[in-house]
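These notes concern the structure reproduced below.
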Amino acid sequence: MKNRELADIFTEMASFESLEESENARFKTRAYQKVAGILDSLQEDIAEIYKKGGVKALMEIPGIGKAIAEKIEEYLTTGKIAKYEEYKAKYPIDFKELTKIEGIGTKTALSLYKELGIKNIADLKDAISRGEISKLPGFGEKSEELLDKGIKQLESSKGRLLLSEALPVAEFIVERLRKSGLAEKVEIAGSTRRMRDTIGDIDILAIGTSSSEIMDLFTGLEDVERTVVKGPSKTTVYLKIGTTCDLRVIEPGSFGAAMQYFTGSKDHNIQVRKVAINKGYKLNEYGLYDRAGNMVSGVGEQELYNKLGMDWIPPEMRENRGEIELAMKHKLPNLIQYSSLKGDFHTHTKDTDGSNTLEEMVEYARKYGLEYIATTNHTKSLKVARGMDEARFSEYFSKVDRLNEELGKDFHILKGAEVDILKDGSLDLDNKTLGDMECVVASVHSNFNMAKDEMTKRVTTALESGYVNILGHPTGRLINERPPFQIDLEKVAESAESNNVVLEINAFPTRLDLKDTDIMLTSKFRVNYAIDSDAHNISHYSVLKYGIGTARRGWLEPGRVVNTFHLDKALRMLKK
DNA sequence: GCCGTTTTCGGCCCGACTGTTTTCAGTCG
Ligand SMILES: Nc1nc2c(ncn2[C@H]2C[C@H](O)[C@@H](COP(=O)(O)OP(=O)(O)OP(=O)(O)O)O2)c(=O)[nH]1
Ligand SMILES: [Mg+2]
Ligand SMILES: [Mg+2]
Ligand SMILES: [Zn+2]
């Protein structure tokens with residue numbers, strides 16, 4: 001897809017533009033940045049949009065106007081953008097690489113290039129080792145040291161953490177700050193509060209009046225590798241685990257405004273602040289102020305949204321994807337709640353690649369508060385997982401029957417499988433075995449590199465078999481390891497609707513598949529969803545919260561999620 | 001460069017921290 005390429009080009013254009021002297025350069029920069037972000041998250045292929053509707057269709061995308069639409073056209077038809085080439089010749093600098101270093105922006109990169117011909121990190125390292133930086137005008141000893149540390153930090157950084165990696169760290173730091181008694185309140189903010197699938201850095205808000213003590217405690221935590229910046233209101237540290245953590249300390253009267261600010265997202269904040277402006281207010285992290293400068297709201301986050309004419313928006317929805325308009329119209333969805341799941345349709349045991357027995361999986365499901373699970377082991381083609389054949393399933397299910405009898409009415413195990421969708425779209429078990437099951441999860445585990453239409457055909461063929469209840473991890477992505485395979489999710493959802501197949505929101509933190517935007521894309525169809533743990537051991541039920549967070553980010557109401565219902569109703573919804 | 005139930009021109013979110021800047025630009029949240 002050209003989306004990615006064009007996003008990179010416009011990000012570079014933004015860098016170039018930020019160095020221009022013209023009056024409007026700042027705002028052009030932002031326009032380019034905004035378009036890059038839009039192209040990055042655009043679901044449709046930009047080339048397709050252009051092919052169907054030309055420049056006019058491009059301009060219908062908010063953020064894309066005439067000038068940028070024509071640049072996109074130029075790129076799609078000639079493979080080049082003249083303006084870009086012109087800038088690139090003027091600034092032959094790898095901004096993408098250099099600005100990844102904390103503290104280096106485009107202006108710094110430019111003076112490094114002008115003074116020392118530095119174009120990339122390798123050049124910069126050489127200059128530092130020769131001690132050339134500190135002699136430069138506008139730079140000193142500290143700047144050189146900062147750049148050196150910045151490079152080391154970048155090299156040791158893990159990149160974006162999984163939500164499941166970041167959340168416990170955030171909770172631990174919050175606990176430490178709370179226990180100190182120095183703060184009235186300590187809360188998680190940022191992308192972690194929004195339950196994003198990956199976390200760039202951890203953000204924590206403390207409410208209190210003794211900020212310097214709180215900051216000292218924070219920078220002194222044993223998990224801290226070094227302090228990056230430290231002030232009375234904001235401190236940034238680099239943690240030993242290879243990620244950054246920001247702490248803001250704000251006074252009690254501003255709790256709501258500070259939470260609103262620090263939860264983000266940035267785009268959501270900007271949009272909310274525009275609403276404030278239109279109402280004659282000013283909004284910042286300290287409060288909402290009228291023209292005379294009087295505080296209109298500060299303590300309560302809900303009150304803040306209300307004063308702006310909106311309903312309170314759940315953090316998971318704060319991505320500027322239309323939630324602000326809905327909140328104004330009082331039409332926000334009633335999102336699925338945490339701990340509202342009654343069951344789990346996707347679990348493994350040590351009979352294949354799990355590490356616990358079915359008895360243990362049941363025991364812990366009950367401890368977790370569930371009323372039923374489906375036991376869905378892998379099928380024979382998945383040899384690395386010791387997938388089971390028909391005979392083993394038959395034997396296994398007699399054990400399930402015995403266990404169900406012992407359990408009585410308290411808990412129920414559904415007989416199922418996570419059956420491989422083979423290359424041709426057929427299923428990896430015979431129809432008799434599949435027909436006897438109560439919960440067939442069908443998943444792609446092989447041949448990921450098919451063309452988009454072939455993969456779509458493969459999956460829809462499986463859905464049309466009449467045996468599939470749930471489509472497992474529909475895009476196959478493994479976060480930070482493997483991109484999703486090419487598939488037309490709208491066609492899949494359409495097929496799921498007509499064949500009564502439920503789409504999975506696999507809650508396993510490396511998957512979170514479907515992801516938030518895929519849920520929004522597919523929920524236009526009359527399909528239901530299942531939030532499944534994909535548990536491979538007894539502790540994995542705890543990942544269900546990440547699946548619920550993802551469902552909330554996809555704006556799902558509980559009525560669309562099959563396992564929010566008790567067994568009877570859930571089974572009726574799964575029925576073919 | 002984009003955009004418009006007050007606008008097709010004149011706005012564009014708002015503030016914290018750092019360094020060598022003698023009064024604030026650059027970078028970041
Ligand atoms: N108003 C405003 N708020 C911002 C801006 N940049 C960041 N924020 C707020 C909203 C963000 O969610 C919050 C934390 O900033 P981060 O850079 O850590 O972003 P966030 O946590 O959303 O994503 P991340 O996973 O860390 O990349 O600070 C900005 O430019 N303007
Ligand atoms: Mg963050
Ligand atoms: Mg942050
Ligand atoms: Zn699987």
Side-chain angles (χ1 to χ4, degrees), chain A residues 10 13-20 22-36 38 58-72 83 95 98-112 133-147 149-150 189-191 200-205 211 215 227-237 244-250 254 257-258 260-289 308 320 325 328:
Chain A
F10 288 123
M13 286 293 285
S15 298
F16 299 147
E17 200 61 57
S18 72
L19 299 168
E20 294 294 299
S22 82
E23 182 78 357
N24 267 334
R26 283 178 51 206
F27 300 108
K28 287 193 186 183
T29 300
R30 246 196 296 190
Y32 282 127
Q33 277 166 348
K34 199 172 156 195
V35 166
I38 288 162
L58 295 175
M59 285 176 68
E60 271 163 31
I61 301 170
I64 297 182
K66 191 160 185 291
I68 287 181
E70 282 171 0
K71 287 189 177 65
I72 293 174
K83 187 82 178 278
F95 287 109
L98 282 169
T99 57
K100 274 194 196 131
I101 300 168
E102 174 127 39
I104 296 194
T106 51
K107 306 272 169 71
T108 308
L110 181 64
S111 45
L112 289 172
I133 303 289
S134 55
K135 301 188 196 97
L136 259 40
F139 293 80
E141 293 292 330
K142 292 213 171 166
S143 347
E144 183 165 304
E145 204 183 312
L146 204 76
L147 296 186
K149 280 181 179 162
S191 49
D201 74 354
I202 294 168
D203 302 284
I204 294 171
L205 172 66
S211 104
M215 293 307 189
T227 301
V228 182
V229 293
K230 188 176 184 182
S233 169
K234 187 181 101 175
T235 289
T236 300
V237 298
T244 297
C245 182
D246 290 327
L247 175 68
R248 289 218 55 171
V249 179
I250 291 189
S254 296
Q260 197 287 321
Y261 154 73
F262 213 26
T263 298
S265 65
K266 175 181 170 177
D267 288 349
H268 173 89
N269 285 358
I270 290 174
Q271 204 57 35
V272 170
R273 286 173 183 207
K274 282 183 184 162
V275 172
I277 291 169
N278 287 335
K279 291 195 180 295
Y281 294 128
K282 182 180 79 167
L283 176 62
N284 59 29
E285 62 265 53
Y286 302 104
L288 182 67
Y289 301 88
L308 291 170
N320 193 28
E325 291 74 8
M328 301 268 233

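In what follows, every heavy atom counts, from backbone to side chain, and hydrogens, waters and symmetry copies are set aside. Just so it is clear: chains get the letters A, B, ... in the order the sequence lines come, proteins before strands, and each one is counted from 1.
- Between A/Leu19 atom CG and B/dA25 atom P the separation is 16 Å, expressed in whole Å.
- If A/Ala69 and A/Ala109 are placed on DNA chain B by their nearest nucleotide, the residue sitting closer to the 5' end is A/Ala69.
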Polar atom pairs between nucleotides 16-20 of chain B and protein, under 3.5 Å, N or O only, would you list them?
{"from": "B/dA16", "atom 1": "OP1", "to": "A/Tyr286", "atom 2": "OH", "distance (Å)": "2.9"}
{"from": "B/dC17", "atom 1": "OP1", "to": "A/Pro232", "atom 2": "N", "distance (Å)": "2.9"}
{"from": "B/dC17", "atom 1": "OP1", "to": "A/Ser233", "atom 2": "N", "distance (Å)": "2.7"}
{"from": "B/dC17", "atom 1": "OP1", "to": "A/Lys234", "atom 2": "N", "distance (Å)": "2.9"}
{"from": "B/dT18", "atom 1": "OP1", "to": "A/Lys230", "atom 2": "N", "distance (Å)": "2.9"}
{"from": "B/dT18", "atom 1": "OP1", "to": "A/Lys230", "atom 2": "O", "distance (Å)": "3.0"}
{"from": "B/dT18", "atom 1": "OP2", "to": "A/Lys230", "atom 2": "O", "distance (Å)": "3.3"}
{"from": "B/dT20", "atom 1": "OP1", "to": "A/Gly140", "atom 2": "N", "distance (Å)": "2.5"}
{"from": "B/dT20", "atom 1": "OP1", "to": "A/Ser143", "atom 2": "OG", "distance (Å)": "2.8"}

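- Picking from B/dC14, B/dG1, B/dG26 the nucleotide with the shortest atom distance to the side chain of A/Tyr32 gives B/dG1.
- Note on residues 61-70 of chain A: pairs passing salt bridge (Lys or Arg N to Asp or Glu O under 4.0 Å), not counting sequence neighbours, are A/Lys66-A/Glu70.
- Using a 4.5 Å heavy-atom threshold, the side chains of A/Met328 and A/Val275 count as touching.
- Residues of residues 267-276 of chain A that place a heavy atom closer than 4.0 Å to DNA chain B, in numerical order, are A/Ile270, A/Arg273, A/Lys274.
- The separation of B/dT27 from B/dT20, taken at their P atoms, amounts to 14 Å, rounded to a whole angstrom.
- Looking at heavy-atom distances under 4.0 Å, A/Lys28 makes contact with a base.
- A 4.5 Å side-chain heavy-atom check between A/Phe16 and A/Lys83 finds every atom pair outside the cut-off.
- With both ends at atom C1', the span from B/dT8 to B/dG4 equals 8 Å, rounded to whole Å.
- Rounded to a whole angstrom, the distance from the C1' atom of B/dC9 to that of B/dA16 is 33 Å.
- Nucleotide B/dC2 holds its P atom 9 Å from the CD1 atom of A/Ile64, rounded to whole Å.
- Contact annotation: A/Lys266 side-chain N/O to B/dC14 OP1/OP2 distance is not under 4.0 Å.
- Using a distance-only test at 3.5 Å, with no hydrogens or angles considered, a donor-acceptor pair links the side chain of A/Ser111 to the main chain of A/Thr108.
- Under the Watson-Crick and G-U wobble criteria, each requiring two contacts below 3.5 Å, nucleotide B/dT27 is paired to B/dA16.
- When atom types are taken as modelled, the side chain of A/Ser211 and the backbone of A/Pro232 share a donor-acceptor pair closer than 3.5 angstrom.
- Scanning for salt bridge (charged side-chain N to carboxylate O under 4.0 Å, His left out) contacts around A/Lys230 gives A/Asp216, with sequence neighbours left out.
- Checked against B/dG1, B/dC3, B/dT27, the side chain of A/Thr106 finds its nearest nucleotide in B/dT27.
- Among residues two or more places apart in sequence or in another chain, the side-chain hydrogen bond (donor to acceptor under 3.5 Å, both in side chains) test is passed with A/Thr244 by none.
- Remark: the A/Asn24 side chain and the B/dC12 base include a donor-acceptor N/O pair separated by less than 3.5 Å.
- A straight line from CD of A/Glu17 to C1' of B/dG1 spans 8 Å, rounded to a whole angstrom.
- Distances from the side chain of A/Phe27 to the nucleotides B/dG29, B/dG1, B/dT27 place B/dG1 closest.
- For the C1' atoms, the distance linking B/dT22 with B/dG15 amounts to 23 Å, nearest Å.
- Put simply, CD on A/Gln33 is 11 Å from P on B/dC28, counting in whole angstrom units.
- Here CD1 of A/Ile104 is found 4.5 Å from CG of A/Leu147. Values are rounded to the nearest 0.5 Å.
- As rounded to whole Å, 5 Å separates atom P of B/dG15 from atom CG of A/Asn284.
- Between the P atoms of B/dC28 and B/dT23, the separation comes to 25 Å (whole Å).
- Spacing between B/dT7 and B/dG11 at atom C1', rounded to whole Å, works out to 9 Å.
- Counting any heavy atom pair closer than 4.0 Å across all strands shown, A/Thr236 reaches no nucleic acid atom.
- Mapped onto DNA chain B by nearest heavy atom, A/Gly65 and A/Ile277 fall at different nucleotides, with A/Gly65 at the one closer to the 5' end.
- For the pair A/Ile202 CD1 and B/dC28 P, the interatomic distance rounds to 20 Å; values are reported in whole Å.
- When rounded to the nearest whole Å, the span between CD of A/Glu23 and C1' of B/dC9 equals 14 Å.
- Within the 4.0 angstrom heavy-atom criterion, no nucleotide atom of any strand lies near A/Leu110.
- Nucleotides B/dG26 and B/dT21 place their C1' atoms 11 Å apart, quoted to the nearest Å.
- As a whole-Å value, the separation of A/Arg26 CZ from B/dG26 P is 11 Å.
- Of the possible polar contacts, one joining the A/Glu144 side chain to the A/Ile133 backbone as a donor-acceptor pair under 3.5 Å is found.
- Within the 4.5 Å cutoff, the side chain of A/Tyr286 has heavy atoms near those of the A/Ile250 side chain.
- Among residue pairs with one or both ends in residues 271-288 of chain A, those qualifying as salt bridge (Lys or Arg N to Asp or Glu O under 4.0 Å) are A/Arg248-A/Glu285; sequence neighbours excluded.
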